[in-house]
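Below is one structure; the comments refer to it alone.
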Amino acid sequence: MKRQNVRTLSLVVCTFTYLLIGAAVFDSLESDTERKRCEFLTEMKENLLKKYNISHEDYRMIEIVIIENKPHKAGPQWKFAGAFYFATVVLAMIGYGHSTPVTIGGKAFCMAYAMVGIPLGLVMFQSIGERLNKFASVLICRAKRYLRCKRTEATEMNLMLATGMLSSVIITTGAAVFSKYEGWSYFDSFYYCFVTLTTIGFGDYVALQNDQALINKPGYVALSLVFILFGLAVVAASINLLVLRFMTMHSEDVRREDNELQSASHHVLTLDGEVMSVNGKLLAGHVLLDCNDQADQVSVCSCTCLGPARCRNHLLQLEPVYQPSADSIKAKRASV
């Protein structure tokens, strides 16, 4: 089996194994808490129904009103500031789900906008990531020259370490900022930054959704957008390095296999239906040829492509190495 096929199969097996492990861990960590919360909320619902004598239909209406009113706590979501925030989330493929278009025209435009905007955003983030990697490689080379290192070029590991450190700085700094403005704990803010920059976008934590922030805090809105765009560019730089490393490994395997095929094909020559190896060893009924113990230089053709001149002149005077007789031909035909 080819090495690429083995690698692909190994990746599939490892991915599904990773999924199974993740499902088992999430099950053990979250299922019990989910059950307890469900029981608690059900008990609270029954107590409210009994205390205020609310019918199930009225309670359902109250639920709808509360759920539908939740996205509007930050103010109008579809004015220019909120619409720009939504467009950024769409282009970056984060998809919080905090606000969604409800009109037919809005949904149709959202699909068309995403089909053009997502590839454009990917190309932009990839290009910015490449420029960041180039800038980081220049800084690493200068730092190595200043430190008088033996190898002054920037390796892939150096670049991955640099972009990883920059990503960590962005996430930790952003977590501190969002913790201050949103009132979240630092861990929750760090979780929000990680989910955002990896474009997972669960939507359980969304910035700019409190105290009419989209209208009353334009500076904070701009800071949030800069964090998303610049952070995604840095993450794209890290991903670019990983993809390039994987593609390099893949191309090396392909090149190695091509070289093996070429070397194998160079060891065999086919002349007049008879197969013979380049080093003169018999493969199909030929007599072994030898010229001054240089068997690897022997050629069975009259051209000057192989072997020294002395061997070539000697070979030109030889009769064909193998000339089947009429009896042998008849015997071969009879056997066929």
Side-chain angles (χ1 to χ4, degrees), residues 15 19 22 26 57-132 170-171 174 178 181-182 184 188-189 191-240 243:
T15 301
L19 290 173
F26 284 125
E57 291 76 11
D58 293 339
Y59 184 83
R60 178 58 182 166
M61 289 299 298
I62 294 173
E63 282 184 330
I64 294 174
V65 171
I66 294 174
I67 293 173
E68 292 295 330
N69 189 51
K70 183 178 180 181
H72 299 282
K73 292 189 302 181
Q77 294 289 307
W78 295 106
K79 294 298 182 181
F80 185 80
F84 191 86
Y85 185 56
F86 175 81
T88 304
V89 169
V90 171
L91 188 141
M93 295 188 300
I94 299 174
Y96 292 127
H98 65 290
S99 62
T100 55
V102 295
T103 63
I104 295 177
K107 293 177 181 179
F109 179 76
C110 181
M111 291 186 288
Y113 182 81
M115 289 181 63
V116 178
I118 289 176
L120 178 63
L122 289 176
V123 173
M124 182 196 69
F125 291 132
Q126 188 74 10
S127 179
I128 295 175
E130 291 176 356
R131 294 300 90 200
L132 287 175
I170 291 174
I171 293 177
F178 287 112
Y181 281 96
E182 296 291 340
W184 300 332
D188 290 338
S189 300
Y191 168 79
Y192 162 77
C193 294
F194 179 83
V195 169
T196 297
L197 297 186
T198 53
T199 69
I200 299 174
F202 290 127
D204 49 351
Y205 290 91
V206 182
L208 305 174
Q209 298 300 297
N210 295 322
D211 302 329
Q212 304 286 321
L214 290 172
I215 298 176
N216 299 329
K217 299 178 181 178
Y220 179 46
V221 174
L223 180 63
S224 300
L225 294 176
V226 170
F227 167 79
I228 292 175
L229 295 176
F230 184 72
L232 287 174
V234 174
V235 172
S238 302
I239 295 176
N240 183 44
V243 172

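Here the structure is a predicted model, which is why all the values come from computation and not from measurement.
I104 CD1 to K107 NZ: the interatomic distance, rounded to the nearest 0.5 Å, is 7.5 Å. With values rounded to the nearest 0.5 angstrom, D188 atom CG is found 11.0 Å from C193 atom SG. Once rounded to the nearest 0.5 Å, the distance linking CG of N210 with OH of Y220 reads 8.5 Å. Rounding to the nearest 0.5 Å places CG of L120 at 9.5 Å from CZ of F125.
No more than 12 heavy-atom neighbours from other residues, nucleotides or ligands sit within 6.0 angstrom of OH on Y181. Counted within 6.0 Å of CZ on F84, heavy atoms from surrounding residues, nucleotides or ligands total 12 or fewer; the atom is thus considered open. Heavy-atom neighbours of F86 CZ from other residues, nucleotides or ligands within 6.0 Å: above the threshold of 12. In the displayed structure, I64 atom CD1 is contacted under 6.0 Å by more than 12 heavy atoms of other residues, nucleotides or ligands.
Taking 4.5 Å as the limit, every side-chain heavy atom of Y205 sits out of range of all side-chain heavy atoms of V195. At a threshold of 4.5 Å between non-hydrogen side-chain atoms, the residues M93 and I118 count as touching. Between I228 and Y85, the closest side-chain pair of non-hydrogen atoms falls below 4.5 Å.
At distances below 3.5 Å, at least one donor-acceptor pair connects side-chain atoms of E182 with backbone N or O atoms of L208.
Centroid-to-centroid, the aromatic rings of F178 and F227 come within less than 6.0 Å.
The two residues G106 and P101 come nearest to each other via the heavy atoms C-CB, 3.8 Å. In plain terms, the two heavy atoms of A114 and P119 that are nearest each other are O-CD, 3.9 Å. Listed here is the closest heavy atom pair of A207 and Y192: CB-OH, 3.4 Å. Minimum interatomic distance between A233 and I128 (heavy atoms only, all atoms of both residues): CB-CG2, 3.4 Å. Contact record, G121 with L91: CA-CD2, 3.7 Å, taken as the closest heavy-atom pair. The minimum heavy-atom distance between L214 and G82, with the atom names listed, is CD1-CA, 4.0 Å.
For the side-chain hydrogen bond (donor to acceptor under 3.5 Å, both in side chains) test, no residue two or more places apart in sequence or in another chain qualifies with E130.
A salt bridge does not link R60 with E57: every distance from a Lys NZ or Arg NE/NH1/NH2 to an Asp or Glu carboxylate oxygen is 4.0 Å or more.
Among pairs with a residue in residues 193-204, those fulfilling side chain to side chain donor-acceptor pair (under 3.5 Å) read Y96-T196, Y191-D204, at least two apart in sequence or across chains.
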